[in-house]
Amino acid sequence: MSVCLSKPEDYEALLRDYDTWLFDCDGVLWRGDNLIEGVTDVLDLLRRRNKKVVFVTNNATKSRRSYKAKFDQLGVQAHVDEVYGSAYAAAVYVSSVIKLPKTKKAYVIGMAGLEEELRNEGIQVLGGTDPQDCTLDSFDLGTFKRDPDVGAVICGLDTKINYTKLSKAYQYLMHDPACHFIATNEDSTYPSAHGLLPGAGSVSAPLRYALNKNPVCTGKPSSTMLDCIKAKIQFDPKRTLMIGDRLNTDIQFGQNGGLATLLVLTGVTLESDITGPDASSVVPDFVTQSLGDLRVLDK
């Protein structure tokens, strides 16, 4: 059963017990482009207490560099090497785990941030933001010629998803059993400033259905994301806290990695999702209304 935090001594115990703090971003630090109240104060408090702060996001629309720009825009202190996104994890997976040959290419359903991270790892990219693929014209299979060098199809959130991209990706995966099918994450929804929208998992769902095949997922709750962090940062899992707003990604990710978990209710998950007869089987260690609640320690 989760511990509901409310008193200063509850929050002080978190600072006493955990040295490394992993944060989801959307729904925890901000909603869309709106910063959640008190976030900067809490992050400043943690840094003053010499805590390691790491940002772990499933949002694959931005590269780590462009995510740093968003932190700057919102007035949140962050360093590029503190930011771990599912686009970065996908790029590292392709270059360092499956070791896609440099002669091979990746067909991308996704946005500029995913393309940037792939290119930074030396991976050639097709699709994505290419104007020829960002079209509402009908797809003509009769004139389409598959590039024989495509060795992977990588799906992230794509706000310009269309039938052409899905059709090309399907052709590569259907005709080449060796072509890798990779999803940056499987979030069903995405918390915008004005409410929920379909997430990256909804973008890859037509391919999963058409192929009757599941992709390798590199974002939360996959261990691939945690492996990327472990490769760069030393931390003790027993003294590490994962803070998130989504049970089946953030909290599951923490539990899979042997981390303590803190659920905030400023994003996707409602209190009714963790209480009552229909409560989720994924149970966080701690629950608080908002990350800003920890400001009570700074008074």
Side-chain angles (χ1 to χ4, degrees), residues 58-63 85-95 97-119 121-190 197-222 224-225 248-249:
N58 265 1
N59 188 335
T61 65
K62 291 180 170 62
S63 65
S86 61
Y88 174 68
V92 170
Y93 177 79
V94 172
S95 67
V97 178
I98 65 174
K99 300 184 187 306
L100 190 73
K102 297 300 182 184
T103 55
K104 290 290 188 179
K105 303 173 185 176
Y107 185 80
V108 170
I109 295 179
M111 299 170 71
L114 177 55
E115 292 176 321
E116 181 180 338
E117 294 290 15
L118 290 167
R119 289 185 176 121
E121 291 293 317
I123 300 160
Q124 301 180 68
V125 171
L126 296 178
T129 60
D130 186 334
Q132 288 190 336
D133 286 43
C134 296
T135 177
L136 294 180
D137 292 342
S138 296
F139 177 73
D140 186 353
L141 183 56
T143 59
F144 173 62
K145 297 191 185 316
R146 285 181 286 114
D147 188 324
D149 292 330
V150 170
V153 169
I154 306 172
C155 297
L157 181 62
D158 190 334
T159 58
K160 294 185 177 179
I161 184 65
N162 57 36
Y163 197 72
T164 291
K165 291 181 181 181
L166 290 171
S167 297
K168 288 185 178 182
Y170 177 75
Q171 292 300 312
Y172 286 122
L173 291 164
M174 183 181 70
H175 289 285
D176 183 2
C179 185
H180 297 275
F181 183 20
I182 300 163
T184 60
N185 65 87
E186 295 187 308
D187 291 8
S188 57
T189 56
Y190 168 74
L197 293 170
S202 300
V203 169
S204 62
L207 289 174
R208 296 201 305 270
Y209 189 75
L211 295 160
N212 193 27
K213 178 181 180 180
N214 290 321
V216 171
C217 178
T218 61
K220 297 173 291 184
S222 166
T224 303
M225 179 74 90
N248 64 350
T249 53

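Throughout, numbering of the chain's residues begins at 1 and tracks the sequence.
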With side-chain hydrogen bond (donor to acceptor under 3.5 Å, both in side chains) as the rule and sequence neighbours excluded, what pairs involving residues 150-162 come up?
D158-K165
Give the C-alpha distance, both sets of side-chain angles, the deciding distance and a yes or no for side chain to side chain contact (heavy atoms under 4.5 Å, CB included) between V216 and I98.
CA-CA 11 Å; V216 171; I98 65 174; over 6 Å; no
Taking only residues two or more places apart in sequence, or in another chain, which ones meet [X] in a side chain to side chain contact (heavy atoms under 4.5 Å, CB included)?
{"X": "A89", "value": "T218, M225, C228"}
{"X": "Y163", "value": "F139, S167"}
{"X": "N248", "value": "R246"}
{"X": "V125", "value": "V108, E115, L118, R119"}

Of all residues at least two apart in sequence or in a different chain, which pass the ring-ring contact (aromatic ring centres under 6.0 Å, His included) check with F181?
none
Can you list everything that forms a ring-ring contact (aromatic ring centres under 6.0 Å, His included) with Y190? Sequence neighbours excluded, please.
none
K168: what forms a salt bridge (charged side-chain N to carboxylate O under 4.0 Å, His left out) with it, not counting sequence neighbours?
D133
Who are the salt bridge (charged side-chain N to carboxylate O under 4.0 Å, His left out) partners of K62, not counting sequence neighbours?
none
Roughly how far apart are T184 OG1 and Y88 OH, rounded to 0.5 Å?
15.5 Å
E121 meets the side chain to side chain donor-acceptor pair (under 3.5 Å) criterion, sequence neighbours left out, with S95
Please identify each residue that fulfils side chain to side chain donor-acceptor pair (under 3.5 Å) with S63, with sequence neighbours left out.
S66, E116
Give the C-alpha distance, both sets of side-chain angles, the deciding distance and a yes or no for side chain to side chain contact (heavy atoms under 4.5 Å, CB included) between K104 and H180.
CA-CA 11 Å; K104 290 290 188 179; H180 297 275; over 6 Å; no
Under 3.5 Å, which donor-acceptor pairs link side chains of residues 143-152 to any protein atom two or more places apart or in another chain?
from	atom 1	to	atom 2	distance (Å)
T143	OG1	D140	O	3.2
D147	OD1	D149	N	2.8
D147	OD2	K105	NZ	2.7

